[in-house]
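First the structure, in the form of structure tokens, and then the observations on it.
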Amino acid sequence: IIVSFNHCCFSNVHKIKTIVENGHGKDMIFDLQQLIHSYKEELKTHLYRRIEVSQGFYDFYENRIKGDNKNLLEIKQTFTHPHNYHPIIAGSSIKGAIRTAILNFYANSAQYAHEILPENLLHYEHDVTKDIFQLLRISDTTTPSINQTINTRIAFSVNKKRNDMKGVIRLSVPLEFINEKTQFSCDMRLLQNHAEFPAPTDFPKDIATIAKLCNEYYLPKLQEELEELETHFKSSYVSDTRTLLQNKKTDMEAGIAFILRIGRYSTAHDKTFDKWRAIKTKKEQAATQSSTLWLLADDPKQRKDFLPF
């Protein structure tokens, strides 16, 4: 279990002072980590949050903290509310994913084929105060129930070559992630004073139209990914996702449910325009598909049963 502290009540403050005054760089950080590890039972009484860790990360941590490899043990933390420390999804992230889907519609339209920059597609040139997306207001997420707890885990983000999924992992990064099937709620509103902005006249006037454009952009990508990587993903994820899509098909067609892909580890394929996609690779060639994938793994040595971001 990883523990987070609101205030550090430590009986041997002088030891911390000695390490900080006499330590240097990474050695100082490593000494502090060992000190915290040795007093972990005392410090547990002051925790305000527990985070489950995968067995692979636990083994990795025990090896690093007890061995000679002075690893910084940095763990990338998920975004949390500054007051209650609950994991959240920023409204700006949701809005950014929606923006990509809508801009993709315009960029792929013959009417706007020569205007692929957002300021041109939306006619606001270089004056961002005229960007019509100001009308779309989305709050940060909250829990559907005040008593609901958002659970996270510590595992690894691993980088795999798309054409060699059974090969070795190229890079692994310890990180905290929100558990799958977690439910959030947020407030989404589309204001109606469109006439004040120099945007295309066919800009969405309601959430249902936005939902349709998001599904047109993200749904085929999700279905292609499930087909391509089915044998490498956890089988339960694949079956559960396909069942969910089937159950929500009517709602998606009606514009009351839609798909988004959010997060830094989603590929460039899900952040670029379909007909204008040119992803730069190490070979200096523009490609329509990324050559590597970031996937979630319990252990950096595993070869299958991954989860996507």
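Predicted model only: the values in this text are computed from it and were never measured.
Residues His86 and Thr80 form no side-chain contact, since every pair of their non-hydrogen atoms from C-beta on lies 4.5 Å or further apart. Counting heavy atoms from C-beta outward, Leu296 and Leu175 have side chains that approach closer than 4.5 Å. Using a 4.5 Å heavy-atom cutoff, the side chains of Asp202 and Phe105 are in contact. Side-chain atoms of Tyr237 and Leu226, non-hydrogen and from C-beta on, do get closer than 4.5 Å to each other. Residues Ile98 and Ile138 have side chains in contact (heavy-atom distance under 4.5 Å, counting atoms from C-beta outward). In this structure, Ser54 and Asp299 have side chains that are not in contact, with every pair of non-hydrogen atoms separated by 4.5 Å or more. Two residues are said to be in side-chain contact when any heavy atoms from C-beta on lie closer than 4.5 Å; Leu136 and Met188 meet this criterion. Side chains of Trp294 and Leu171 form a contact here, defined as non-hydrogen atoms less than 4.5 Å apart.
Here the rule is side-chain contact (heavy atoms from CB on, under 4.5 Å) with Ile210, and of Ile207, Leu213, Asp206 only Ile207 fits it.
For the pair Glu62 (side chain) and Phe60 (backbone), a donor-acceptor distance under 3.5 Å is absent. The backbone N or O of Ile89 lies less than 3.5 Å from a partner atom in the side chain of Thr141, making a donor-acceptor pair.
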Exercise. Test Asp270 against Arg261 for salt bridge (charged side-chain N to carboxylate O under 4.0 Å, His left out), laying out the working first.
Key: CA-CA 7 Å; Asp270 295 295; Arg261 189 163 197 171; 3.2 Å; yes
Quiz prompt | Worked check of salt bridge (charged side-chain N to carboxylate O under 4.0 Å, His left out) between Lys248 and Glu253 | solution = CA-CA 9 Å; Lys248 292 294 183 180; Glu253 291 174 346; over 6 Å; no
Quiz item: Passes ring-ring contact (aromatic ring centres under 6.0 Å, His included), Phe177 versus Phe156? Steps please.
Solution: CA-CA 9 Å; Phe177 69 95; Phe156 295 90; over 10 Å; no
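Residues Glu176 and Thr152 bring a donor and an acceptor atom of their side chains to less than 3.5 Å of each other. Remark: the Asp59 side chain and the Gln55 side chain contain an N/O donor-acceptor pair separated by less than 3.5 Å.
Across Ser38 and Leu35, no two heavy atoms sit closer than the pair OG-O, 2.7 Å. Contact record, Ala211 with Gly255: CB-O, 3.6 Å, taken as the closest heavy-atom pair.
Between Arg242 and Glu230, at least one side-chain nitrogen of the basic residue sits less than 4.0 Å from a carboxylate oxygen of the acidic one, meeting the salt-bridge criterion. Here Glu225 does not pair with Lys221 in a salt bridge; the nearest charged N to carboxylate O distance is not below 4.0 Å. A salt bridge links Lys181 and Asp240; the closest N-O separation between the charged side-chain nitrogens and carboxylate oxygens is under 4.0 Å. Look at Arg99 and Asp131 and you find a salt bridge, because one of the NZ, NE, NH1 or NH2 atoms lies within 4.0 Å of a carboxylate O, short of that distance.
Between His83 and His81, the ring-plane angle classifies as tilted under the 30° and 60° cut-offs.
Geometrically, Lys205 does not engage Phe203 in a cation-pi contact, judged by NZ or CZ lying under 6.0 Å from the ring centre and within 45° of the ring axis.
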